[in-house]
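What follows is a set of notes on a single structure, which appears directly below.
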Amino acid sequence: MALARFQIYRSADDAVTWRFLSANNRSLGQAAQRFVDAETCSRAMLELRTRLTETSATTARETPSQLWSWRVRLAGLDLAVSSRKYHRRVQAQYACRSFLGLVAEAQVADLPRVVHF
């Protein structure tokens, strides 16, 4: 049975980042920043997972699109952001709660391999 999971990938600009995928491979959230290598990216991903109870979540409306997104912060730094934008604030809040709940249940024993896009 498929489970929600982290995926580390190298983007076209050669930066490394992570995203969190649902069981049906839909991107739910992603790193707020890019990293120089997979090891640094893995540490950031694990920090999010292990310090999840210390984080705060916010939603914001972006201009000019007027769409909503969410952010997860720790000590004033953004760790994760929504992978998509939402027409309603309540949708963004629900998506963030879902992300946080699934991340809390995610297995961290096996680090994901780097995928190239």
Side-chain angles (χ1 to χ4, degrees):
M1 184 163 114
L3 300 172
R5 69 209 178 281
F6 286 97
Q7 180 183 65
I8 296 175
Y9 65 96
R10 186 173 304 278
S11 61
D13 63 359
D14 212 32
V16 177
T17 192
W18 63 261
R19 63 183 173 178
F20 190 74
L21 302 172
S22 68
N24 65 353
N25 290 323
R26 184 175 185 184
S27 182
L28 301 176
Q30 59 196 33
Q33 65 184 63
R34 299 189 182 275
F35 306 93
V36 294
D37 57 32
E39 184 178 329
T40 306
C41 182
S42 294
R43 282 196 305 266
M45 181 189 68
L46 291 174
E47 180 181 28
L48 169 68
R49 172 61 180 84
T50 57
R51 299 184 67 188
L52 201 57
T53 58
E54 302 170 47
T55 63
S56 63
T58 61
T59 55
R61 196 171 209 175
E62 299 178 5
T63 54
S65 69
Q66 298 299 305
L67 296 176
W68 291 89
S69 64
W70 56 260
R71 295 185 170 280
V72 174
R73 306 190 86 194
L74 177 66
L77 298 174
D78 290 339
L79 298 183
V81 296
S82 56
S83 293
R84 57 177 295 212
K85 309 297 183 223
Y86 304 88
H87 290 284
R88 298 176 188 255
R89 182 178 184 197
V90 68
Q91 292 172 311
Q93 291 170 329
Y94 175 77
C96 185
R97 281 194 305 271
S98 178
F99 169 81
L100 293 171
L102 289 169
V103 167
E105 297 171 4
Q107 299 295 318
V108 295
D110 299 318
L111 292 178
R113 63 184 174 83
V114 177
V115 176
H116 297 274
F117 285 102

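Side chains are part of it too, since the values below use all heavy atoms of this structure and drop only hydrogens, waters and symmetry mates.
When every heavy atom of Glu62 is checked against every heavy atom of Lys85, the shortest pair comes out as OE1-CE, 3.2 Å. Across all non-hydrogen atoms, the minimal contact from Trp68 to His87 is CD1-O, 3.7 Å. Of all heavy-atom pairs between Cys96 and Ala57, the closest is SG-CB, 3.5 Å. In plain terms, the two heavy atoms of Ser82 and Ser69 that are nearest each other are OG-CB, 3.2 Å.
The backbone N or O of Ala38 lies less than 3.5 Å from a partner atom in the side chain of Ser42, making a donor-acceptor pair. A donor-acceptor contact shorter than 3.5 Å links the side chain of Arg49 to the backbone of Ala104. Proximity of a side-chain donor or acceptor of Arg34 to a complementary backbone N or O of Thr17 within less than 3.5 Å is not detected.
In this structure, Leu21 and Arg26 have side chains that are not in contact, with every pair of non-hydrogen atoms separated by 4.5 Å or more. Side-chain atoms of Thr40 and Val16, non-hydrogen and from C-beta on, never get closer than 4.5 Å to each other. For the pair Tyr94/Tyr86, no side-chain contact is recorded, criterion being any heavy-atom separation below 4.5 Å from C-beta on. Contact check for Arg19 versus Tyr9: side-chain heavy atoms found under the 4.5 Å cut-off. Counting heavy atoms from C-beta outward, Val103 and Phe6 have side chains that approach closer than 4.5 Å.
Annotation: side-chain contact (heavy atoms from CB on, under 4.5 Å) contacts of Ala4 (sequence neighbours excluded): Phe20, Leu102. Taking the salt bridge (Lys or Arg N to Asp or Glu O under 4.0 Å) definition, one finds that Glu105 meets it with nothing, sequence neighbours left out.
One finds no salt bridge joining Glu47 and Arg43 here, because no Lys/Arg side-chain nitrogen approaches an Asp/Glu carboxylate oxygen to under 4.0 Å.
One distance of note links CG of Leu67 with CZ of Arg89; it measures 15.0 Å at 0.5 Å rounding. Here the CZ atom belonging to Phe99 is positioned 12.0 Å from the OG atom belonging to Ser22, to the nearest 0.5 angstrom. Note that the CG atom of Leu79 and the CD atom of Glu54 stand 10.5 Å from one another [nearest 0.5 Å]. In this structure, CZ on Arg71 lies 11.5 Å from OG1 on Thr59, to the nearest 0.5 angstrom.
Results of the side chain to side chain contact (heavy atoms under 4.5 Å, CB included) test with Leu74 over Thr55, Leu52, Leu48 single out Thr55 as the only residue that passes.
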Just do the side chain to side chain contact (heavy atoms under 4.5 Å, CB included) check on Phe35 and Ile8 with the steps written out, would you?
CA-CA 10 Å; Phe35 306 93; Ile8 296 175; over 6 Å; no

